[in-house]
Amino acid sequence: MNTDPILPGATVGILGSGQLGRMLALQARDMGYGVRVFSPEKDTPCGQIADTEIVADYRDTDAVRAFARTVSVATYEFENVPSETVSAIESVGVPVRPGAEVLYVAQNRLREKNFFRSLGIATPPFARIASAADVGPAIRVTGLPAVLKTAGAGYDGKGQRTVRTDREVQAAFAELGGVECILEGFIDFAWEGSVVAARGISGDFAHYGLVRNDHANHILDVTTAPAPESSPELVRDALDATRAITDTLGFVGLLGVEFFVTSQGTLIANEMAPRPHNSGHWTMNGAVTSQFEQQLRAVCGLPLGATQMPFPGSAIANLLGDLWDDGVPDFAGMLADFPDAKLYLYGKSEARPGRKMGHINVAAGSPHAALERVLAARDRLR
Ligand code: AMP
């Protein structure tokens, strides 16, 4: 593997054109890199920032190769990048970071959970369902209630159903299209947390600690950093698990790992994402180096940045399209009343319910103070 740093002035290629790509592109611009984005959509959050927005299908390998020839490194903002896209980029001698083996594991919930287990990381009990005949044996492994999820391509609760009876599992499996699924035992967790971490090209590791995530309708609502309820042992376990994942995969880039925390204070891994994570947006104002700068540094083979928090606590609240139901939210009023709040909007023209339109960050004297303040700032928009 070529470990030479890709220096400012070079061009970074991004697969996927949503808000995660946009915030990476803004950071790349800050540091003097060119940016090219590749996705099937036009006038996208990332395309508005990139030097060039290439609109083509991920499986159009001629278009992918043409894109790859104009960049020094490629990364992605979503994990369902087809493997032929990665191969096409690599075929012209351009590295894709994180690499193909990482995507192979992260793209399938069954492979992902088997991988966690191979490292001794606890997961919910789970079983594969590929046909109606698998339902009975799967329930014997997981018990009920359980959560049925498509094994591939799912996020923000899409492609999953909570199920309480044998019949509900059968119905949900049919509703999800009869595709390969994973049935997971329902975890009655005390709270949910995540670790965002980066591993550099020489194996250096940096992390943002363990944060607490609260969801609404299966979509992240708020994150509080550091997680107020965490103990030093819990943080150590979460970081050890994350480090084991990155080291075993020879990971280069940024990774988010989601955990359930039980009332006994133990960790159960839910999933991982080899890209910036919504629960890491607070780092844009709450850490010396944001997760997007860290991702850029890692994929370009630069040294990782410091992750200290200048303020003791930070929080992020998502702004979903629902906030636009009665017209444009009162941004000016919110900014007037909350001069410490940092507003981010992703440049999406259409506000649909459940669509992530932006977020607010607040850094404060404690995690609780940051959380209260960010919730009050968001309420002010209604
Ligand atoms: P996921 O798409 O796997 O991240 O799931 C989205 C959300 O659904 C999680 O953040 C949890 O709040 C909930 N969830 C997913 N899997 C389970 C489970 N096995 N037990 C309880 N809740 C779950």
Side-chain angles (χ1 to χ4, degrees), residues 16-23 39-49 77-80 109 145 147-150 152-163 168 171-172 174-177 179 181 186 189 191-192 194 211-224 256 258 270-271 273 275-282 284 315-335 337-338 341-362 371-382:
S17 53
Q19 64 269 15
L20 302 179
R22 177 189 180 92
M23 291 183 271
S39 91
E41 281 116 53
K42 276 207 281 286
D43 185 26
T44 56
C46 185
Q48 293 162 12
I49 308 301
E77 57 129 46
F78 73 114
E79 53 273 33
N80 291 311
R109 292 181 189 273
V147 184
L148 185 73
K149 304 176 180 180
T150 55
Y155 67 98
D156 285 350
K158 294 188 174 69
Q160 64 172 271
R161 307 271 186 285
T162 303
V163 282
E168 276 184 27
E175 222 181 285
L176 292 174
V179 298
C181 282
F186 187 88
F189 52 79
W191 52 280
E192 291 184 80
S194 59
V211 302
R212 174 182 169 128
N213 300 324
D214 288 282
H215 294 79
N217 301 321
H218 296 280
I219 303 174
L220 184 72
D221 185 43
V222 289
T223 291
T224 313
E258 298 176 15
N270 176 29
E271 63 175 355
R275 52 163 171 81
H277 198 259
N278 195 167
S279 72
H281 292 356
W282 63 270
M284 298 170 86
I316 170 243
N318 272 337
L319 306 179
L320 300 187
D322 314 59
L323 265 178
W324 276 250
D325 278 353
D326 300 321
V328 178
D330 185 5
F331 294 120
M334 185 279 285
L335 293 171
D337 291 352
F338 295 84
K342 308 297 285 184
L343 174 67
Y344 295 87
L345 293 168
Y346 306 146
K348 298 182 183 178
S349 48
E350 199 195 336
R352 289 191 296 270
R355 190 175 198 202
K356 290 174 180 170
M357 301 297 289
H359 69 266
I360 300 175
N361 279 348
V362 170
L371 176 64
E372 272 179 25
R373 190 88 181 142
V374 87
L375 290 174
R378 184 172 63 181
D379 277 347
R380 179 66 182 80
L381 290 174
R382 289 182 212 274

* Asked: Is the shortest heavy-atom distance from the side chain of Glu168 to the side chain of Arg161 under 4.5 Å?
  -> no
* Structure fact -> To the nearest 0.5 Å, atom CZ of Phe338 lies from atom CG of Leu343 at 13.0 Å
* **Under 3.5 Å: donor-acceptor pair, side chain of Asp322, backbone of Gly354** => yes
* **Heavy-atom closest contact (Val374 atom, Ala315 atom, distance)** => CG1-CB, 3.8 Å
* Structure fact -> Only residue of Glu372, Arg373, Arg378 satisfying side chain to side chain contact (heavy atoms under 4.5 Å, CB included) with Leu375 is Arg378
* Flag side-chain contact, heavy atom, 4.5 Å: Leu323 against Met357 -> no
* Heavy-atom distance under 4.5 Å between the side chains of Met23 and His359, does that happen here? -> yes
* Asked: In terms of heavy-atom contacts, does CG of Asp326 have more than 12 from other residues, nucleotides or ligands at under 6.0 Å?
  -> no
* To do: Given side-chain contact (heavy atoms from CB on, under 4.5 Å), test Phe331 with Leu345 step by step and report yes or no.
  => CA-CA 11 Å; Phe331 294 120; Leu345 293 168; 3.8 Å; yes
* Asn217 vs Leu320 side-chain heavy atoms within contact, under 4.5 Å -> no
* Under 3.5 Å, is there a donor-acceptor pair between the side chain of Arg22 and the main chain of Pro45? -> yes
* **Separation of Gln19 CD from Ile49 CD1 (nearest 0.5 Å)** => 12.5 Å
* Side chain proximity check, Leu319 to Ile360, heavy atoms < 4.5 angstrom -> yes
* Asked: Which of parallel (below 30°), tilted (30 to 60°) and perpendicular (above 60°) describes His281 and Tyr346?
  -> perpendicular
* Return the set of residues passing side-chain contact (heavy atoms from CB on, under 4.5 Å) with Glu41 (not counting sequence neighbours), or none when no residue passes. => Ser17, Ser39, Thr44
* Of Val147, Leu176, Thr150, which meets side chain to side chain contact (heavy atoms under 4.5 Å, CB included) against Gln160? -> Val147
* **Among Asp221, Thr224, Thr223, Asn278, the one residue meeting side chain to side chain donor-acceptor pair (under 3.5 Å) with Asn213** => Thr223
* Answer yes or no: does atom NZ of Lys342 have more than 12 heavy-atom neighbours from other residues, nucleotides or ligands under 6.0 Å? => no
* To do: Check whether any side-chain N or O of Glu77 sits under 3.5 Å from a backbone N or O of Gly18 as a donor-acceptor pair, and report yes or no.
  => yes
* Structure fact -> Scanning both residues in full, the closest heavy-atom pair of Ile316 with Asn361 reads CB-OD1, 3.3 Å
* Structure fact -> Separation between CZ (Arg212) and OG (Ser279), nearest 0.5 Å, reads 13.0 Å
* **Non-hydrogen side-chain atoms of Glu271 and Lys149 separated by less than 4.5 Å** => no
